[in-house]
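Numbers restart at 1 for each chain; the letters A, B, ... are given by sequence-line order, proteins then strands. None of the values given here were measured: they were computed from a predicted structure.
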Number of protein chains: 2
Amino acid sequence: MDDDTLRNALARAEALCTERGVRLTAQRRRVLELVCRAQRPVGAYEIMDQLRDGAPAAPPTVYRALDWLLAQGLVHKLETLHAFIGCTHPEHPHASQFLICDGCGGVTELEDPSIADSLASVAAESGFRPSRPIVEVIGTCSACAAREDD
Amino acid sequence: MDDDTLRNALARAEALCTERGVRLTAQRRRVLELVCRAQRPVGAYEIMDQLRDGAPAAPPTVYRALDWLLAQGLVHKLETLHAFIGCTHPEHPHASQFLICDGCGGVTELEDPSIADSLASVAAESGFRPSRPIVEVIGTCSACAAREDD
DNA sequence: GTTATAGCGTTACATTGTTGCGCTCGCCCA
DNA sequence: TGGGCGAGCGCAACAATGTAACGCTATAAC
């Protein structure tokens, strides 16, 4: 994420929080900035490491910030990687899908209605009420696949 | 899982391994039996606890057995729970989906082609080659929903 | 201003998963 | 038939991730 995009993302987050009447504190903002800047999944302890310069933060501090950012939909957690990534469209609540490349570590966030619909209808058939649908597809991205095919 | 079903599952596993020319050793069988008997997600350390009677097993032993059982498709790992569950139809390779109730902790394994197809086509659009599609839906099962509605 | 509450710091700890090394047992083949 | 080879396992230590509990501080509401 280049500096402009990053500033843009942070500004949007700020606006969203104001609109919602919730507090994007300095800690939360610091963590959000680090997650967004990375443009790849970052672990909680990696965030802590980056925070050592300046005001160091202990695990509970970082996890509290991350939990809050998750609740606000500003970041996502990738369960298979134990890592976090900035949300690409936090304006509305959504059920995302993630394509995770195990070659380069890159992650693509999708928001495909057909998948969400399939999930919802299958769940409905069994009377199940989804609250948090998690879709993480491990595989090889097109760039890495091309490299492998050499 | 009642005793008959369990014995059946173990017998099927045994047959599959013979057919594949791989070794379902005593350790692996013990772990598989514990996972299948539970009928709910069990953690690796929970398995270790159950193994204390008899021959105790250290973490690497249990994880090695679990990794092997995963590779053979005899158990699944639920990433969101850090837990394992017996596969309900290990005969063929498959991409499963899981409905995970956060009320009772019960898990339903599905194998719905519409979801798998949606995932595959969306991945294909971006040139992504899926190797391990993970779908875990957290929510409330019908029984727990009924109880809540009281 | 006073007070209730959300946020944060700190310590200690819990849970989950891994690395490395060496021994043994079963299997293959000369 | 026995020599070697590799898969499997025991063991010790450790790494990574995530939590609990408690009290202080700063912000917001009245």
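- For Thr25(B), no side-chain nitrogen or oxygen approaches OP1 or OP2 of dA7(D) to under 4.0 Å.
- Between Thr61(A) and dC8(C) there is no side-chain N or O to OP1 or OP2 distance below 4.0 Å.
- For Lys77(A) and dG18(D), the shortest distance from a side-chain N or O to OP1 or OP2 is below 4.0 Å.
- Taking for each of Pro60(A) and His82(A) the nucleotide of DNA chain C with the nearest heavy atom, the 5'-most of the two is the partner of Pro60(A).
- When the P atom of dT19(D) is taken as reference, atom CG of Asp67(A) falls 7 Å away, rounded to whole Å.
- The aromatic rings of His82(A) and His82(B) sit parallel, their planes meeting at an angle under 30°, below the 60° perpendicular limit.
- One interatomic measurement links the two molecules: CD of Glu46(A) to P of dA16(D), which rounds to 11 Å at whole-angstrom precision.
- Interatomic distance, OG1 of Thr61(A) versus CD of Gln27(A), reported as 6.0 Å (0.5 Å rounding).
- Residues Ser96(B) and Glu109(B) bring a donor and an acceptor atom of their side chains to less than 3.5 Å of each other.
- A stacking contact between Tyr63(A) and dT19(D) is absent: the pair does not combine a ring-centre distance of less than 5.5 Å to the base's six-membered ring with planes differing by less than 30°.
- In this model, the phosphate group of dG8(D) is approached by a side-chain N or O of Arg28(B) to a distance below 4.0 Å at OP1 or OP2.
- Judged by centroid separation below 5.5 Å and plane tilt below 30°, Tyr45(A) stacks onto the base of dT17(D).
- Counting to the nearest Å, the P atom of dG26(C) and the CG atom of Leu24(B) are 16 Å from each other.
- For Arg23(A), counting side-chain heavy atoms from C-beta on, the closest listed nucleotide (dC11(D), dA6(C), dG17(C)) is dA6(C).
- Residue Leu81(B) contributes atom CG, which lies 16 Å from atom C1' of dG17(C) at whole-angstrom precision.
- Taking atom CZ on Arg30(B) and atom C1' on dC9(D), their separation rounds to 11 Å, with Å as the unit.
- Here Asp4(A) pairs with Arg7(A) in a salt bridge; the nearest charged N to carboxylate O distance falls below 4.0 Å.
- Scanning atom types as modelled, no donor and acceptor separated by under 3.5 angstrom connect the side chain of Arg64(A) and the base of dG18(D).
- When all heavy atoms of Val62(A) and Ala44(A) are compared, the closest pair comes out as CG1-O, 3.8 Å.
- Regarding Met48(A), its CE atom lies at a distance of 12 Å from the C1' atom of dT10(C), rounded to whole Å.
- The separation between Leu69(B) atom CG and dG8(D) atom C1' is 13 Å, rounded to whole Å.
- The separation between Gln27(B) atom CD and dC9(D) atom P is 6 Å, rounded to whole Å.
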